[in-house]
Amino acid sequence: MAVAERKTDIGPPDFHQFLAPIIKKNYGKWAYHEIPEPGVMVHVAESGDKLYTVRAGTPRLLSIVTIRAFADLADTYCDGYLRWTSRHNVEFLLTKKENIEPLKADLHKMGFPVGGTGNSISSIVHTQGWVHCHSSATDASGVVKSIMDELYPHFVNMDLPAKLRIAFACCLNMCGAVHCSDISVLGLHRKPPRIDHENLPKLCEIPTLVSSCPTGAIRPATWEGDPSVEVDESQCMFCGNCYTVCPAMQINNAETDGISIWVGGKVSNARHTPMFSKLVIPFIPNNPPRWPEVVEAVVNIVNVYAKHARKHERVGEWIERIGWPQFFKLTGIPFTKYHIDDFKHAGETYMRTTQLRH
Amino acid sequence: MAVAERKTDIGPPDFHQFLAPIIKKNYGKWAYHEIPEPGVMVHVAESGDKLYTVRAGTPRLLSIVTIRAFADLADTYCDGYLRWTSRHNVEFLLTKKENIEPLKADLHKMGFPVGGTGNSISSIVHTQGWVHCHSSATDASGVVKSIMDELYPHFVNMDLPAKLRIAFACCLNMCGAVHCSDISVLGLHRKPPRIDHENLPKLCEIPTLVSSCPTGAIRPATWEGDPSVEVDESQCMFCGNCYTVCPAMQINNAETDGISIWVGGKVSNARHTPMFSKLVIPFIPNNPPRWPEVVEAVVNIVNVYAKHARKHERVGEWIERIGWPQFFKLTGIPFTKYHIDDFKHAGETYMRTTQLRH
Amino acid sequence: MSEKKRATPLLDELKKGPWPSFVREIEKSAETNAMARDTLGQVERSYEDKISHWKHGGLVGVMGYGGGIIGRYSDLPEEYPEVAAFHTYRVNQPSGWFYTSDILRTLCDIWERHGSGLTNMHGSTGDIIFLGSKTEELEPCFRDLTEHGFDLGGSGSDVRTPSACVGPARCEWACYDTLDACNDITHTYQDELHRPAFPYKFKFKFSGCPNDCVASIARSDMSVIGVWKDNIQIDQEKVREYAANGTDIEHEVCQMCPTQCMAWDGTKLTIDNANCVKCMHCINVMPKALRPGKERGATILIGAKAPIIGGALLATVFVPFLEMKPPYDDIKELAEAIWDFWGEYGKNRERVGEFIQRVGLGNFLEEIGLDPIPEMVAHPRTNPYIFFEDELEEEEDA
Amino acid sequence: MSEKKRATPLLDELKKGPWPSFVREIEKSAETNAMARDTLGQVERSYEDKISHWKHGGLVGVMGYGGGIIGRYSDLPEEYPEVAAFHTYRVNQPSGWFYTSDILRTLCDIWERHGSGLTNMHGSTGDIIFLGSKTEELEPCFRDLTEHGFDLGGSGSDVRTPSACVGPARCEWACYDTLDACNDITHTYQDELHRPAFPYKFKFKFSGCPNDCVASIARSDMSVIGVWKDNIQIDQEKVREYAANGTDIEHEVCQMCPTQCMAWDGTKLTIDNANCVKCMHCINVMPKALRPGKERGATILIGAKAPIIGGALLATVFVPFLEMKPPYDDIKELAEAIWDFWGEYGKNRERVGEFIQRVGLGNFLEEIGLDPIPEMVAHPRTNPYIFFEDELEEEEDA
Ligand code: SRM
Ligand code: SRM
Ligand code: SRM
Ligand code: SRM
Ligand code: SF4
Ligand code: SF4
Ligand code: SF4
Ligand code: SF4
Ligand code: SF4
Ligand code: SF4
Ligand code: SF4
Ligand code: SF4
């Protein structure tokens, strides 16, 4: 009986029911927008209607207590209409210009900064870390919070040459945009998996496990008469893919896990085509609760970029203009053999021209 | 006795003995050069001395009869001093300006065109073909002669947007600059090797042969009880490397061998970094003695380039500016699946941006 | 239930500073919710030990679905019993992440009844994440959700929850209706979303223009990016206004155009539209003066992914321009043709982008019935290793 | 000896047209030389059959040398007996291909005595090619050559005949003495050139500036390309002269500079030399006005090759700037360090460029004792697959 009533495959609710009347009316008929101040946008419709957006940063991990408070603010200032952005910011959608200031004041009181628009640093796209994931080489939320505390002025101001997008991921699965961000902070393991031979045959399919390794480091083997695997440690680059497919391949390691820093990726097709992020700091040890070395490294890169890039130049575009040697020089980051690619298409990254600055 | 006198490892003769006195005097002290007319250069030394160079095209394959004739010309006009260039042209090195015209007249009489300087098409760098090599999928000298007969005006004039460098090779070994030329003409095989099982074990080492195949198409096998190899024909892309290491893997095939055309490579570091040539016509059958389809294809590309490129723009730079879709449109060359890379780094050549012309 | 609030000196450090604190968020829920309380405890413990205390999930889920729930267990269940099981729901968000205050309260009420009271707004793929549920609550919570109009998103080897930029709801540059396309595709593929039957995950993302505000070109197996075919619309008066107000049009606009197809003579901006690659830069800088053209549609790109395991990939152009009108049959046909071929020949855990590289783009196109065109490649091949197969077949036939 | 001139109707077609004809060249020798006569015959036969009639060479050579001769046999020896064996000599050219009429006549006389009278001036690697010798003539011809000061070049898995651009002998841009460097290196490595002991061939090429007139960056295992470190020398008066004579300095020079580091205000050209990448373009366009700087040397690049078998490679920067003074010890040390490592671990028929890719540039540098610097890469790695080996070692030591 009860089972018969069970609804499935209904899909997400139709978004139309959540659109404000001004949006329904001017849907697809917006003429232009302006950003009168950080965190505030006005979109002007062909009809002349004006929609004001107030954007606030969040920690992404939200208690229902906070969500209800946002709902209350929306009721007070914008007839209950709000949305989230693709970078975890909340946006209040106002029709009354005079509501902007009081809304901002309330958000400020609640501790949510208004900003993230235009040439600013928006919220960091990030992942679970020690709050939820079994693979994480570091925490996510804590590192992100520590970095954003320092970059806060760049969130509430629009004082950079261009948008600067930061992403964080706690392991090589890179659940987010780490592979294509202006600055990326990436957790990584640095030890081969420890094999739990006892439980391996019960928990994992050996052929799947063997084929999961990108470098072919895992081979079938027997352990005390039972089927298991062995790892050629010299071939392991600690990607953790074996651990993803098999819990008996423990990759986490409190002593050697930590963080790497990458720069120069982008997603948009504006000016330069999309680019991957490139390694700049291979390793910084985990130093909770505030990861000061990581914060310092990110702030340093932001500062050097802010000082040297031209208007509209994203981090990767700026570095392409000045050249990587100059980037390493200006930031004072040492260049090591780890920076030189040695994966599948490594040869494509070697410098194959004499065009160098001397 | 006789053996004792035998000289070895003496190396090449010291070039100094072949340098004209004006060169010795101004060695490393040249100030600038000019190209007063096609095929004639004047290099002015800091001392004010002027060295005139008259450059003439040759078929590269030269009889000693011709070389002696060049020697005679050098005696007559420039005290016996001459050189060859890295593209098979002969250069007479004059100190007397008044000797330029008579030298040009003599060369003309002998059938050697003066030109190849500046924004021209210089001689084609090429290989042996049916004149000497066992691997050749086509002749070299005949194709080159047929093409240069048509491009002759671009050798004796400097009427192109930039230098245009053509290379020819008769097989995938590419003995020359085919992989990095503005236009390349490349002989290719299109059938898997025919295995001479009878002689194979005598002529070839099977492990070397097996490992010679870039796609792993060759496997050890037995043939009538004797060791030999087999070829997985679906994996063979006809590179001929097996034939290079083993004569029993006959790759030449009169019916299916032929020619492909490539464009957009360059070597110099001027403006754009060096680039590889890219495939534009996958296959044209061999049609001796004058390969009219090949000649037509090359002339078409030269004409379209001459018409559309900007000054100083090499072929590859021009195409990068207008985009490959436009190149195929302007030349009328059809785009096929063969143009899409499917070798090791193929994915790196896919279009990974929305930046397209519509 | 762990009643006592434990001391969390390390996490307390993360309540300091101007950026809003996730620790405070957990604490807010912890005031009334024991799971949130144990979350705090276990995370503090991770901060001490510098290691995750979560274990793999195993097969948990709701009846009849193969995805939508990520199973999770504590490796310290005795110390933090309330989070011994701590699964997440991926609740499929409405297109464009639009909400009303009412619907948000409805969601909060459901999550108050069944879980930790902690969420992610949103997960990286775009779902509403309900963070931390006990195994026995999975089915009841699911019922509560569907009764209020929500369903689960994807996980595992299925269609993943599609997402879309704000599009025509607020953005003047949207070249098609991203929200509708996302909603339509999501509803069409409910079965593929809930019942994993692919070699690996398959993500759709919809951006209204080449700015790509949902990062689709980097993060989706099928990336649909709005674009126009005709000329950029110019309001010369407004261009002059920008110039008067301090925009350096020569340097900020013309010289930064990737194809250098613009010219500014101090009073008039000219665009050689045949060479414009629709990068958006000039429009981004002068939104009042320039607008995308009127003949609008989308570019379809295939195969982006994060690095695991063959290396990260950006998506590849498959269709330079497609009109985007409901019911979006062209896109669906393309997706289904891809699934058929990849579904049959893709290896386990091989994303479609990696599969294409393995079989070769040319072969892949042939199999799914799309003609090769030069727009699909940055440049033609540079190596001479051509498989002349047609030739062979022709001759075998003869 | 085949006395009769055979009919060659196909080749006769190639005597027509304005470009000098190789057929006429063969005919010139054929008037007095039977081998040349049979060459004509066999090539005509190839034109009829559309196939090469040459077979592999086997091991032919001169005493004590492992290279310098390419063996060749006809597959129609009965029809063309004079070319039944038709080997080539690679005679090491003088640096820069400089000759006097006398030395050319000497070479012609030698070749008249011992072979077909046909040559290539020059082969693609740079050698003087004597085209077509019988086996029994190999040793006598070699003696004749060495007695007149010539030696053989390379073939097989050895150092190949180095070559150099015209350099300081005639070119105002030569940043080092290409001719001397080439000559010095060739003489230093006579043993490596004549006695193949490497995994595969190793080519040196010397260009005096980044125009790279011997294509070294594309065709040599060690490419030595001249460059300067300081500022481009400008003669502003001459720049104005070019402008007056029609050079569009803004468009032809400044806008084509790859780093956009130049500015022209109508009377003065300024160069931001810190951002100049020494591409040569501006100097090429205005040779009277601009000259390379005064602090000169060379960039050393390693590992170019044609496609067989792993795909073509351009050379990789190893040393951005090296002073180039005899006896060129730095270059020699580098070459020898490379040979040591590649010689020991390179596979048969693996060029050094492919070897570097197989072992990884980072590891390779470590083995040959060169520090990694960012100039060696177009950009740092984009994938996160880092082998943290030092870390492991350190800890194992501890
Ligand atoms: C709200 C949001 C879409 C959504 O549906 O949620 C959005 C909205 C707008 N984007 Fe975006 N973008 C949003 C994420 C993105 C992303 C995705 C990401 O960051 O992960 C990108 C790609 C980033 C990248 O390249 O790495 C993105 C690249 C752009 C660009 C191109 C910037 C560039 O020069 O590369 C523009 C144009 C501009 O800002 O000039 C743009 C412009 C805009 C405009 C001005 C469009 C408009 O006319 O309304 C919107 C306000 C931008 C602002 O914040 O200043 N939007 N935008 C997203 C807000 C994220 C946030 O909270 O910060
Ligand atoms: C004689 C020779 C060197 C030698 O030792 O033999 C030579 C000599 C000169 N080269 Fe070269 N280059 C010579 C082969 C090359 C090559 C190699 C090749 O073609 O295989 C290249 C690289 C080609 C490529 O990129 O694919 C080459 C790229 C250049 C360039 C750069 C052109 C560009 O814009 O990319 C210049 C600069 C210029 O011409 O403006 C140049 C300039 C020069 C100058 C003007 C240098 C000078 O001041 O004397 C010389 C006369 C050029 C002319 O012919 O107009 N030379 N030059 C070679 C003549 C070949 C021939 O007979 O045609
Ligand atoms: C929750 C979320 C991160 C977050 O905090 O937001 C997430 C979490 C996990 N991802 Fe992810 N991925 C999430 C978005 C992504 C994205 C971003 C996106 O979709 O735009 C990516 C990169 C884009 C892509 O798909 O390539 C991503 C690439 C991966 C990978 C990489 C392998 C691959 O090529 O797909 C894995 C590994 C796997 O699938 O086994 C992975 C696996 C996982 C697992 C299931 C861990 C595992 O080994 O099984 C994580 C569960 C964590 C947990 O305990 O909750 N996750 N994952 C995101 C989903 C939330 C949502 O539904 O909204
Ligand atoms: C004679 C010459 C072509 C010409 O007509 O000029 C030539 C002819 C041959 N080359 Fe070459 N190569 C010649 C310059 C080149 C060059 C150009 C260069 O050196 O600048 C290259 C490309 C650059 C490079 O080294 O990568 C070149 C790349 C090859 C390859 C490709 C494999 C490789 O990676 O090295 C082979 C295959 C082999 O080595 O087995 C090859 C093999 C051959 C063989 C020996 C054929 C074979 O399979 O054994 C050819 C003998 C032909 C014959 O019957 O005489 N030849 N060969 C050139 C040498 C003349 C000279 O000494 O001056
Ligand atoms: S990035 Fe890794 S550790 Fe972090 S949530 Fe994704 S799978 Fe888990
Ligand atoms: S961590 Fe990665 S490289 Fe190491 S064994 Fe596991 S799958 Fe292989
Ligand atoms: S390109 Fe091939 S066929 Fe031509 S000479 Fe070189 S090895 Fe011989
Ligand atoms: S021709 Fe090339 S691909 Fe074919 S079998 Fe021989 S080596 Fe392999
Ligand atoms: S992707 Fe384009 S259409 Fe969509 S929100 Fe961003 S700028 Fe607007
Ligand atoms: S959209 Fe981009 S490519 Fe087109 S004109 Fe504007 S800046 Fe240039
Ligand atoms: S490489 Fe440079 S130095 Fe040598 S000839 Fe060419 S232009 Fe002159
Ligand atoms: S040499 Fe090249 S990079 Fe340097 S200023 Fe001249 S054009 Fe620019």
Side-chain angles (χ1 to χ4, degrees), chain B residues 7-13 15 18-19 23 27-28 30-33 43 59-65 67-68 71 74-75 80 82-84 86 111-112 130-131 134 136 141-142 145 148-149 152 173-177 179-180 214 241 247 252 254 267-271 274 286 288-290 312, chain D residues 10 13-14 17-20 22 25 28-29 43 46-47 49-52 54-56 92 94-101 104-105 108 111 117 119-121 124 146 149 151 168-170 172 179 186-187 190 210-215 217-218 256 258 279-281 287-288 306 308-309 312 314:
Chain B
K7 288 194 204 154
T8 67
D9 300 287
I10 60 169
F15 63 96
F18 309 130
L19 299 180
I23 288 182
Y27 197 83
W30 300 99
Y32 67 90
H33 75 278
H43 283 81
R60 188 180 85 131
L61 193 165
L62 293 179
S63 162
I64 52 174
V65 177
I67 300 174
R68 285 172 175 147
D75 281 344
L82 73 174
R83 71 179 290 267
W84 266 261
S86 63
F112 294 98
W130 294 335
V131 170
H134 64 293
S136 39
S141 312
K145 159 83 174 139
M148 284 308 290
D149 277 341
Y152 184 89
N173 282 335
M174 294 195 188
C175 299
H179 60 306
C180 291
N241 200 43
N252 297 333
V267 164
S268 82
N269 293 278
R271 298 170 310 283
N286 272 326
R290 294 204 64 109
H312 305 302
Chain D
L10 292 171
E13 288 299 313
L14 289 164
W19 191 253
F22 72 103
E25 292 297 319
K28 283 180 198 169
S29 280
V43 174
S46 281
Y47 270 65
D49 300 346
K50 300 195 201 179
I51 202 156
S52 174
W54 300 109
K55 295 197 300 182
H56 273 70
N92 200 332
S95 269
W97 303 287
F98 278 95
Y99 301 94
T100 56
S101 48
L104 282 180
R105 289 194 192 95
C108 291
W111 192 226
T119 75
N120 288 147
M121 294 296 275
S124 291
T146 51
D151 200 343
R170 193 186 59 195
E172 69 269 32
L179 303 175
T186 311
H187 280 272
Q190 283 295 298
N211 282 331
D212 197 3
C213 295
V214 289
I217 203 168
M256 294 189 111
C279 86
M280 291 296 297
H281 174 68
K288 281 184 177 174
I308 297 289
I309 59 177
L314 290 160

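Order of the sequence lines fixes the chain letters, A, B, ..., with proteins taken first and strands second; residue numbering starts at 1 for each chain. Worth knowing before you read on, the calculation uses all heavy atoms, side chains too, and leaves out hydrogens, waters and symmetry mates.
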- Message: To check you understand the geometry: which heavy-atom pair defines the closest contact between B/K145 and D/W19, and what is its length?
- Response: NZ-O, 2.6 Å
- Item | When B/L82, B/I23, B/N286, B/N173 are compared by non-hydrogen pairs under 4.5 Å with chain D, the top option | B/L82
- Is the backbone of B/P288 close enough, under 3.5 Å, to the side chain of D/K50 for a donor and an acceptor to pair up by distance? no
- Top contributor to chain B interface from D/M256, D/M121, D/K28 [non-hydrogen pairs under 4.5 Å]: D/M121
- Query: Looking only at heavy atoms, what is the nearest atom pair of B/A254 and D/I51, with distance?
  - Reply: N-CD1, 3.7 Å
- Query: Side chains of D/T146 and B/T8: does their closest heavy-atom pair fall under 4.5 Å?
  - Reply: no
- Message: If we define contacts as heavy-atom pairs under 4.5 Å, which of D/N120, D/D49, D/D212, D/T186 has the most with chain B?
- Response: D/N120
- Item | Portion of B/V131 that has a non-hydrogen atom of chain D nearer than 4.5 angstrom | both
- Message: Using modelled atom types and a 3.5 Å cut-off, is there a donor and acceptor pairing between side-chain atoms of D/H281 and backbone atoms of B/N269?
- Response: no
- Query: If you take all heavy atoms of B/F18 and D/T100, which pair is closest and at what distance?
  - Reply: CA-CG2, 3.8 Å
- Is the closest side-chain heavy-atom distance between B/Y27 and D/L179 below 4.5 Å? yes
- Message: Within this structure, what is the CH2-CZ distance for the pair D/W97 and B/R83, rounded to the nearest 0.5 Å?
- Response: 7.0 Å
- Which of the residues B/A177, B/C180, B/P13 is involved in the greatest number of heavy-atom pairs with chain D at under 4.5 angstrom? B/P13
- Item | Side-chain touch B/R68/D/L104, heavy atoms, less than 4.5 angstrom | no
- Task: Might you point out which heavy atoms bring B/P289 and D/L10 nearest each other, and give the distance in Å?
- Result: CB-O, 3.3 Å
- Message: Looking only at heavy atoms and a cut-off of under 4.5 Å, which of B/G176, B/P274, B/S268 has the most pairs with chain D?
- Response: B/G176
- Message: As an exercise: rank B/P12, B/S136, B/A71, B/P59 by heavy-atom pairs under 4.5 Å with chain D and give me the winner.
- Response: B/P12
- Task: Heavy atoms only: give me the nearest D/S29-B/I64 pair and the separation to one decimal.
- Result: OG-N, 4.2 Å
- Task: To the nearest 0.5 angstrom, please state how far the NZ atom of B/K7 sits from the CG atom of D/D151.
- Result: 10.5 Å
- Task: Would you confirm whether D/N92, through its side chain, and B/G11, through its main-chain N or O, come within 3.5 Å as a donor-acceptor pair?
- Result: no
- Message: Is it the case that the side chain of D/T119 and the backbone of B/L62 share a donor-acceptor pair, with hydrogens and angles ignored and the cut-off at 3.5 Å?
- Response: yes
- Message: What verdict does the side-chain hydrogen bond (donor to acceptor under 3.5 Å, both in side chains) test give for D/S52 and B/N252, after you've listed the backbone C-alpha separation in whole Å, the side-chain angles of each residue and the deciding distance to 0.1 Å?
- Response: CA-CA 8 Å; D/S52 174; B/N252 297 333; 5.0 Å; no
- Please look at D/K55 and chain B and tell me whether the side chain, the backbone, both or neither of the residue comes under 4.5 angstrom of a heavy atom of that chain. backbone
- Message: So does D/A169 get a backbone contact from the side chain of B/W30, meaning a donor-acceptor N/O pair under 3.5 Å?
- Response: yes
- Counting heavy-atom pairs under 4.5 Å with chain B, the top scorer among D/G17, D/G149, D/S101 is D/S101
- Query: Closest heavy-atom contact between B/M174 and D/A306?
  - Reply: O-CB, 4.0 Å
- Message: Keeping B/H33 on the side-chain end and D/P287 on the backbone end, is there a donor-acceptor pair under 3.5 Å?
- Response: no
- Backbone of B/H43 reached by a side-chain donor or acceptor of D/R170 within 3.5 Å: no
- Donor-acceptor pair, side chain of D/S124 and main chain of B/C175, under 3.5 angstrom: yes
- Based on non-hydrogen pairs under 4.5 Å, which of D/E25, D/H187, D/M280, D/R105 is most in contact with chain B? D/E25
